[in-house]
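Here the structure comes first, spelled out in structure tokens, and everything after it is commentary.
Values in this document were obtained by computation on a predicted structure and should not be read as measured data.
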Amino acid sequence: MRTGLAIAAVLVLAVAPVLAPWLEFVLTLAIAKGFAALGVAILLRAGLISIGHAMFFAASAYGVAFLARAGIHDFGALVLLSVLVAAIAGAVVGAFMVRYRAIFFAMLNLAVSMVFYALFAKLYGVTGGTDGMAVPIPTVFGIVLSEPAFKNALFYGSLALMILVGLGVHRYLGSPLGHALSAVHTNEVRLEYLGIPVWAVLLIAYVVSAALAGLGGAITGFAIGRVVPDFAFWTASGQLVLVAVLGGVGGVPGAFIGALFLELLHTAAVTVTDAWNLIVGAALIIVIMFLPKGLYGLLARKEAVAK
């Protein structure tokens with residue numbers, strides 16, 4: 001049943017921009033944030049809250065801009081290299097971070113992310129400061145596309161990546177490494193007694209989560225056409241945590257469900273009133289209070305009842 005629902009959801013997403021072209025940009029951003037929120041959700045499985053993962057989101061986005069400036073214009077190469085930048089940054093930062101737990105882990109991630117933000121904002125000669133950097137339209141398999149054609153290709157490419165990367169993360173979470181994350185949350189000491197290196201388990205998870213955030217940042221940079229320091233600001237990190245919790249950490253689809261819900265709700269609220277924050281906030285309070293396992297948890301519960 002879950003497979004059928006997933007296929008139906010992907011088909012709906014694929015058809016939506018054809019019926020309502022304005023949805024293409026909104027859905028592309030939602031998928032991008034879904035990747036980043038999925039990275040946060042992986043750490044949440046281990047009981048670790050990162051209020052700073054936007055630093056990897058921004059690092060990858062700026063990586064795209066710098067690589068394009070350096071003469072790399074192929075879309076695939078830019079995405080792969082920018083995600084690699086985020087993964088390397090995750091390995092360096094994570095080697096230090098995974099030694100800590102609880103509030104210390106959360107606040108240290110926040111502190112380091114604000115250092116990233118300050119560097120992006122203050123190095124005017126390198127990053128363009130608060131004006132940011134432009135992201136030119138890349139070639140796709142050597143083909144030069146117009147802006148509308150590229151944005152269309154970006155959406156369907158992001159949709160395909162959502163499926164492929166989602167399956168890969170699903171296998172990772174179902175592997176011994178993935179199960180070890182939940183064990184870290186429940187009884188870390190027992191894992192150590194069993195001879196499982198918790199530090200290595202968490203570092204791998206941290207690097208994977210950074211790479212996912214980087215993938216989201218790269219797609220966002222292409223979608224907007226410009227990267228700015230606000231990509232790394234603490235509110236951006238907080239939104240990723242919110243999306244992960246909103247969607248639910250019980251499965252890979254949760255992050256994307258949460259991101260789609262939040263982006264569509266935000267878009268609808270903005271068109272209705274200037275006080276859109278009130279509508280979004282009220283909706284989020286209702287979901288968080290009455291759906292502790294998130295929107296994906298609601299779907300899973302309905303499936304269990306149906307059985």
Side-chain angles (χ1 to χ4, degrees), residues 1-10 12-13 16 23 26-54 56-57 106 158-159 161-174 178 181-182 185 205 208-217 219-220 235-269 279-304:
M1 183 176 177
R2 289 189 184 184
T3 303
L5 286 173
I7 293 172
V10 170
V12 169
L13 289 176
L23 276 173
V26 175
L27 294 179
T28 302
L29 286 184
I31 292 172
K33 290 181 180 178
F35 282 121
L38 181 57
V40 172
I42 288 175
L43 294 178
L44 285 173
R45 281 178 170 254
L48 300 176
I49 302 175
S50 173
I51 317 177
H53 250 52
F56 306 119
F57 187 89
S158 300
L159 192 60
L161 282 172
M162 182 182 75
I163 297 169
L164 295 174
V165 173
L167 289 172
V169 173
H170 178 73
R171 289 183 64 86
Y172 163 66
L173 294 177
L181 290 175
S182 299
H185 183 35
V208 171
S209 68
L212 288 168
L215 179 56
I219 293 172
T220 300
T235 53
S237 294
Q239 188 181 63
L240 296 180
V241 175
L242 177 61
V243 168
V245 173
L246 184 63
V249 298
V252 171
F256 297 101
I257 292 172
L260 288 166
F261 175 81
L262 191 60
E263 283 298 315
L264 291 173
L265 179 62
H266 174 262
T267 302
I279 297 175
V280 172
L284 294 178
I285 290 173
I286 291 171
V287 171
I288 291 172
M289 287 186 64
F290 296 100
L291 299 173
K293 293 186 177 180
L295 295 170
Y296 181 70
L298 175 63
L299 295 176
R301 186 169 64 187
K302 285 187 174 181
E303 183 181 350

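The CG atom of L240 lies 11.0 Å from the CG atom of L38; values are rounded to the nearest 0.5 Å. Note that the CG atom of L264 and the CG atom of L27 stand 6.0 Å from one another [nearest 0.5 Å]. To the nearest 0.5 Å, atoms CG (L159) and CG (L164) are separated by 10.0 Å. Note that the CG atom of L23 and the OG1 atom of T267 stand 8.0 Å from one another [nearest 0.5 Å]. Here S50 contributes atom OG and I42 contributes atom CD1; the two are 12.0 Å apart, rounded to the nearest 0.5 Å. Residue I31 holds its CD1 atom at 11.0 Å from CD of E263, rounded to the nearest 0.5 Å.
Nearest heavy atom pair, residue A259 against residue A30, reads CB-O, 3.2 Å. Here the closest heavy-atom approach between residue G251 and residue R45 is recorded as N-NH2, 4.0 Å. Counting all heavy atoms, side chain and backbone alike, L246 lies closest to G258 at CD2-O, 3.9 Å.
Using a 4.5 Å heavy-atom threshold, the side chains of L44 and V245 count as touching. Using a 4.5 Å cut-off on side-chain heavy atoms (C-beta onward), V40 and L212 make no contact. Looking only at side-chain heavy atoms (C-beta outward), T220 and L29 come within less than 4.5 Å of each other. Annotation: side chain of F35 is not in contact with side chain of V169 (no heavy-atom distance under 4.5 Å).
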Could you go through I49 and L43, starting from their C-alpha distance and side-chain angles, then the distance that decides it, and tell me whether this counts as side-chain contact (heavy atoms from CB on, under 4.5 Å)? CA-CA 7 Å; I49 302 175; L43 294 178; over 6 Å; no

Would you sort out whether Y172 and V252 count as a side-chain contact (heavy atoms from CB on, under 4.5 Å), showing the intermediate values? CA-CA 11 Å; Y172 163 66; V252 171; over 6 Å; no

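For residues 237-254, the set of pairs meeting the side-chain hydrogen bond (donor to acceptor under 3.5 Å, both in side chains) definition, not counting sequence neighbours, comprises K33-Q239.
For L13, the CG atom counts as densely surrounded, since its 6.0 Å shell holds more than 12 non-hydrogen atoms of other residues, nucleotides or ligands.
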